[in-house]
Amino acid sequence: MLIKTKGENMETVSVIKTNKPTMTVYGYEPTLEEAQKAVGGYVERLDLEDLGCLLVDEDGKLKRKPINEQATKLYNQLFDGVIVGNVIHLKPETRKEW
């Protein structure tokens, strides 16, 4: 499921290119190559305890990627901070290797 930053939901596991960052929720664990392609760079895992984890571009802020409001809301349920760029949200039941 792709969650656009405006909260619109679409059934898909691929990233749709837009000028706004997206948060993709995979029903399976993506490979490293899929994750890197989706986030647009080297992948960093942000653990969200019972909420799963977020896979983000580790250099997203240095690249001045736009704020991902949907991912930031999820992240701020546990921590303070801003999430930028395209993000993959892995739910706890699909997370294995990450």
Side-chain angles (χ1 to χ4, degrees):
M1 173 164 330
L2 174 72
I3 304 173
K4 292 186 177 180
T5 55
K6 294 210 175 202
E8 302 167 39
N9 294 331
M10 298 177 68
E11 287 295 323
T12 183
V13 291
S14 61
V15 175
I16 296 173
K17 296 290 182 187
T18 66
N19 59 352
K20 295 185 179 181
T22 57
M23 183 167 75
T24 306
V25 182
Y26 279 79
Y28 65 93
E29 185 172 330
T31 65
L32 175 61
E33 292 78 21
E34 289 174 318
Q36 287 176 330
K37 185 176 179 182
V39 303
Y42 292 113
V43 178
E44 178 181 0
R45 178 182 58 88
L46 304 175
D47 191 13
L48 299 178
E49 300 172 2
D50 294 338
L51 300 174
C53 69
L54 296 178
L55 303 179
V56 303
D57 180 353
E58 70 177 24
D59 296 324
K61 290 180 182 172
L62 292 174
K63 295 175 184 176
R64 297 181 177 230
K65 291 187 174 184
I67 294 172
N68 186 318
E69 293 176 18
Q70 186 74 23
T72 297
K73 276 186 185 177
L74 182 62
Y75 184 76
N76 285 333
Q77 290 180 29
L78 297 170
F79 309 105
D80 289 330
V82 174
I83 305 299
V84 300
N86 291 335
V87 173
I88 297 173
H89 176 215
L90 291 179
K91 295 186 177 184
E93 61 270 13
T94 58
R95 181 177 153 193
K96 295 180 182 91
E97 296 297 319
W98 296 98

Please give me the minimum heavy-atom distance between [X] and [Y], naming the atom from each residue.
X	Y	result
Glu58	Val43	OE1-O, 4.2 Å
Pro92	Gly52	CG-N, 3.5 Å
Pro21	Ile67	CG-O, 3.3 Å

With rounding to the nearest 0.5 angstrom, report the [atom1] to [atom2] distance, [X] to [Y].
X	Y	atom1	atom2	answer
Lys61	Asp59	NZ	CG	11.5 Å
His89	Leu51	NE2	CG	6.0 Å
Leu46	Tyr75	CG	OH	5.5 Å
Glu34	Glu29	CD	CD	10.0 Å
Leu90	Thr24	CG	OG1	10.5 Å

Legend entry - Tyr28 with Leu55, same ILVMFWY side-chain cluster at under 4.5 Å: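 Yes, Tyr28 and Leu55 fall within the same hydrophobic cluster.
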Legend entry - Verify same cluster id: Ile88, Leu32 (apolar side-chain graph, 4.5 Å):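 Ile88 and Leu32: one cluster.
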Legend entry - Listed once per pair and sorted, the ring pair (Phe, Tyr, Trp, His ring centres under 6.0 Å) pairs that draw on residues 44-70, sequence neighbours left out: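 Listed once each, the pairs would be none.
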Legend entry - Pairs touching residues 46-69 that satisfy ring pair (Phe, Tyr, Trp, His ring centres under 6.0 Å), sequence neighbours left out: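 Checked against ring pair (Phe, Tyr, Trp, His ring centres under 6.0 Å) - neighbours excluded - no pair reaches residues 46-69.
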Inset, instruction - Can you sort out the partners of Lys63 under side chain to side chain donor-acceptor pair (under 3.5 Å), two or more places apart, ordered by chain and number? - result: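 Lys63 satisfies side chain to side chain donor-acceptor pair (under 3.5 Å) with Asp57 only.
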Inset, instruction - Would you list the pairs meeting salt bridge (charged side-chain N to carboxylate O under 4.0 Å, His left out) in which at least one residue belongs to residues 46-55, sequence neighbours left out? - result: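 Sorted result for residues 46-55: Asp47-Arg95.
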Enumerate, atom names and distances included, each donor-acceptor pair closer than 3.5 Å involving a side-chain atom of residues 76-83, sequence neighbours excluded.
unit_1, atom_1, unit_2, atom_2, d
Asn76, OD1, Gly81, N, 3.1
Asn76, ND2, Thr72, O, 3.2
Asn76, ND2, Gly81, O, 3.4

Inset, instruction - List the steps, then state whether side-chain contact (heavy atoms from CB on, under 4.5 Å) holds for Val56 with Val87. - result: CA-CA 5 Å; Val56 303; Val87 173; 3.9 Å; yes
Legend entry - N/O donor-acceptor pair under 3.5 Å between Asn68 side chain and Gly85 backbone: yes
